[in-house]
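Contents: one structure, followed by commentary.
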Amino acid sequence: MAQPIRIESKIRLKDFDPEFHEGLGKEETQQETTKLCMRVGELQQRLFANASHAVLIILQGMDTSGKDGTTRRLLEFVNPAGVQVTYFKVPTLEELAHDFLWRIHKAEPRRGNIGVFNRSHYEDVLVVRVLNLQPRKVWGSRFEQINAFEKVLVKNKIIPLKFFLHISREEQKERLQARLRDPTKNWKFDLSDLEMRAHWKEFQAAYEDAINECNSSRAPWHIVPANHKWYRNYIVAQTVVNALEKLKLQWPDPKIDVDRFRIK
Ligand code: AMP
Ligand code: MG
């Protein structure tokens, strides 16, 4: 059964299968993804040369859903100078003293760059809601504020691409167990992962609402089936390439008449 990636109407998360992979084969898809990632590298050079737009990749998902792995793969062939990656953790006292979008806005990528948000302003309607860190009145009013903020981004040529990396509860169990078993992954294990996992259902409901409340053609959500890392990477790479291609970026015209100059 096919399922949409780019969301265009109201959804129920239970209709989306985290195992989905279009019946594609792993190896061929990985090769295709490599080509797509190389294309991201080429297109980023044009983006940088023009400095007219920025692309902002927003990665959300439960712990172990692959926010880090996706970033690593997607940007494999990109000049690091043209990339700004930001992690949003539990807010500091300084951040809490400001409005919830303050730290987000500061991390906005400059035009010419690709920005990646590992978590984002969506945490303020997800974890804040599930753990009751703020009353409903506070987080409930944030959907509208997020929509307004994302409109500001788009009007200023910062193009948001929002990805929900959708894994199943069983897949998370496997990945958390690997964090416990594999000495090279022990450092990733965090006790808070278990606390969040205990709230799985509430997080799914919060994600569903965030996707439905904050989806528009200008700032669309993508629900990425993420149980298979290779398919997840393929979908994200394809979406980013399409968004960059849509900008039809040419090499900028020379600022001077280049034929008039000879370098001695
Ligand atoms: P990690 O991304 O696994 O390193 O963990 C970062 C933690 O920070 C996650 O548990 C997030 O839920 C939490 N976090 C991020 N943003 C916020 C926020 N605005 N309020 C509360 N917790 C947050
Ligand atoms: Mg974590």
Side-chain angles (χ1 to χ4, degrees), residues 13 56-75 84-108 115-150 160 162-169 171-211 213-214 221 224 226 229 232 236:
L13 262 188
L56 173 57
I57 296 158
I58 297 176
L59 298 175
Q60 284 288 162
M62 299 296 286
D63 289 302
T64 75
S65 62
K67 299 182 286 293
D68 278 306
T70 303
T71 307
R72 206 164 48 234
R73 179 71 162 122
L74 180 74
L75 302 177
Q84 290 169 252
V85 182
T86 309
Y87 285 76
F88 292 98
K89 305 277 186 181
V90 177
T92 63
L93 288 176
E94 175 76 356
E95 288 167 346
L96 284 173
H98 293 82
D99 79 82
F100 78 102
L101 291 167
W102 180 72
R103 66 174 183 163
I104 310 294
H105 214 152
K106 275 204 303 185
E108 171 194 297
V116 178
F117 283 180
N118 187 311
R119 305 185 188 271
S120 65
H121 40 300
Y122 283 97
E123 292 295 325
D124 293 282
V125 291
L126 294 166
V127 68
V128 167
R129 167 180 175 171
V130 172
L131 298 190
N132 254 315
L133 303 177
Q134 294 281 351
R136 172 177 281 268
K137 214 174 81 193
V138 171
W139 60 256
S141 78
R142 288 178 173 167
F143 297 123
E144 196 188 325
Q145 297 176 64
I146 289 174
N147 287 332
F149 171 66
E150 291 180 356
K162 302 183 291 195
F163 297 98
F164 171 52
L165 307 182
H166 185 30
I167 54 166
S168 63
R169 197 162 186 270
E171 180 65 22
Q172 192 195 47
K173 182 178 176 182
E174 298 285 317
R175 295 187 187 182
L176 285 175
Q177 255 158 11
R179 285 185 180 183
L180 288 175
R181 272 195 231 110
D182 179 347
T184 69
K185 290 184 178 169
N186 285 165
W187 64 276
K188 287 198 204 179
F189 187 81
D190 194 309
L191 269 183
S192 80
D193 296 350
L194 298 182
E195 187 193 352
M196 303 300 175
R197 179 173 167 78
H199 293 286
W200 187 273
K201 270 201 172 149
E202 293 137 277
F203 268 109
Q204 299 298 302
Y207 267 108
E208 192 171 285
D209 286 349
I211 292 168
E213 294 292 327
C214 301
W221 269 107
V224 182
K229 295 174 183 175
R232 172 200 79 201
V236 174

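If you're wondering where the values come from, they're calculated on a predicted model, not measured in any experiment. All heavy atoms count here, side chains included; hydrogens, waters and symmetry mates do not. Remember, it's 1-based here, ligands and their atoms both numbered in the order they're listed.
In this structure, Glu144 places its CD atom where only 12 or fewer heavy-atom neighbours from other residues, nucleotides or ligands lie under 6.0 Å away.
The aromatic rings of Phe203 and Tyr207 lie tilted to each other, with the angle between the two planes from 30° to 60°.
For atom 18 (C) of ligand 1, the closest non-hydrogen atom on the protein side is Pro91 CD, 3.4 Å. In terms of protein heavy-atom proximity, atom 12 (O) of ligand 1 is closest to Glu123 OE1, 3.1 Å. The protein heavy atom nearest to atom 10 (O) of ligand 1 is Met196 CE, 3.6 Å. Nearest non-hydrogen protein atom to atom 4 (O) of ligand 1 is Lys89 NZ, 2.5 Å.
Not close to ligand 1: His121, with no non-hydrogen atom less than 4.0 angstrom away.
Comparing Arg103, Gln134, Arg119 against atom 16 (N) of ligand 1, the shortest heavy-atom distance belongs to Arg103. The option from Asp124, Val127, Val90, Leu133 that lies nearest to atom 19 (N) of ligand 1, judged by heavy atoms, is Asp124.
For the atom pair NZ of Lys67 and CZ of Arg232, the computed distance is 10.5 Å after rounding to the nearest 0.5 Å.
Exactly one residue among Glu123, Glu95, Arg119 makes a side-chain contact (heavy atoms from CB on, under 4.5 Å) with Phe88. That residue is Arg119. Each of Arg129, Arg142, Arg136 was scored for a salt bridge (charged side-chain N to carboxylate O under 4.0 Å, His left out) with Asp209, with one residue passing: Arg129.
Remark: the backbone N or O of Leu180 is paired with a side-chain donor or acceptor of Asn186 at under 3.5 angstrom.
With a heavy-atom cut-off of 4.0 Å, Asp63 touches ligand 1 through its side chain alone. Residue contacts with ligand 1, taken as heavy atom pairs separated by less than 4.0 Å, involve Val128 solely via side-chain atoms from C-beta onward.
Between the side chains of Glu150 and His121, at least one donor N or O lies within less than 3.5 Å of an accepting N or O.
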